[in-house]
Amino acid sequence: CYVQMHEETDNTMCSQTVGAICLRPSGNDQGGHEFLNFKTGRKIHGNHWDELNMPQDVINRVNQLGRRANADRTLTFTRWDNTTISYNTDD
């Protein structure tokens, strides 16, 4: 899901949210998650966010990051140990 993640404030007029895609729960007691930060292309951790509809510029950015990383054009789901999860597309 696409989110605007809340950053810590420092009483300036700078942006206090950052666009990101949720990657997975981080497994901590606070309920945090790992996100892909669109500004930097790096993983970040957060506990507070607002889920939003995915805008076209986010879709374009994900495609750009994928091309830059020479990513496959297919989507493969894996378990924590990197083994592929098979799924049936006939359902």
Side-chain angles (χ1 to χ4, degrees):
C1 67
Y2 174 71
V3 303
Q4 282 291 311
M5 197 174 94
H6 301 273
E7 298 179 312
E8 293 185 24
T9 60
D10 59 4
N11 292 328
T12 67
M13 296 300 290
C14 296
S15 174
Q16 297 178 2
T17 63
V18 62
I21 285 187
C22 186
L23 299 174
R24 65 183 179 137
S26 60
N28 65 16
D29 291 338
Q30 293 81 23
H33 283 65
E34 286 184 3
F35 296 88
L36 175 65
N37 180 325
F38 283 116
K39 204 182 297 182
T40 64
R42 295 178 184 228
K43 280 196 258 184
I44 54 176
H45 178 268
N47 294 330
H48 306 285
W49 61 86
D50 294 315
E51 188 172 335
L52 303 170
N53 290 330
M54 183 130 3
Q56 187 61 46
D57 63 325
V58 170
I59 295 168
N60 295 343
R61 177 71 171 142
V62 169
N63 288 330
Q64 180 187 43
L65 290 170
R67 283 190 300 274
R68 218 181 263 166
N70 293 321
D72 287 336
R73 293 181 148 271
T74 59
L75 182 61
T76 303
F77 294 94
T78 61
R79 294 181 180 82
W80 64 270
D81 62 356
N82 211 29
T83 58
T84 302
I85 299 172
S86 299
Y87 57 94
N88 187 351
T89 59
D90 295 336
D91 293 338

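Values reported hereafter were calculated over all heavy atoms of this structure, with side chains retained and with hydrogens, waters and symmetry mates removed.
Y2 and G19 make their closest contact through OH-CA, 3.7 Å (heavy atoms, listed as atom of the first residue, atom of the second, distance). Nearest heavy-atom pair across A20 and F35 is CB-CB, 3.7 Å.
Judged as a side chain to side chain donor-acceptor pair (under 3.5 Å), and not counting sequence neighbours, the contacts of D50 are H6. A search for side chain to side chain donor-acceptor pair (under 3.5 Å) contacts involving N60 returns Q56, not counting sequence neighbours. For the salt bridge (Lys or Arg N to Asp or Glu O under 4.0 Å) test, residues two or more places apart in sequence or in another chain that qualify with R24 are E34. Applying the side chain to side chain contact (heavy atoms under 4.5 Å, CB included) rule to D81 yields the partners R79, T83; only residues at least two apart in sequence or on another chain are considered.
In this model, no donor atom of one side chain and acceptor atom of the other lie less than 3.5 Å apart for Q64 and R67.
If you take CD on Q4 and CZ on F38, they are separated by 10.0 Å, rounding to the nearest 0.5 Å.
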Which donor-acceptor pairs under 3.5 Å do side chains of residues 41-49 form with protein atoms, sequence neighbours excluded?
from	atom 1	to	atom 2	distance (Å)
H45	NE2	S26	OG	3.1
H45	NE2	N28	ND2	3.1
N47	OD1	G32	N	3.4

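Proximity of M54 to I21: side-chain heavy atoms (C-beta onward) are separated by under 4.5 Å at one or more points.
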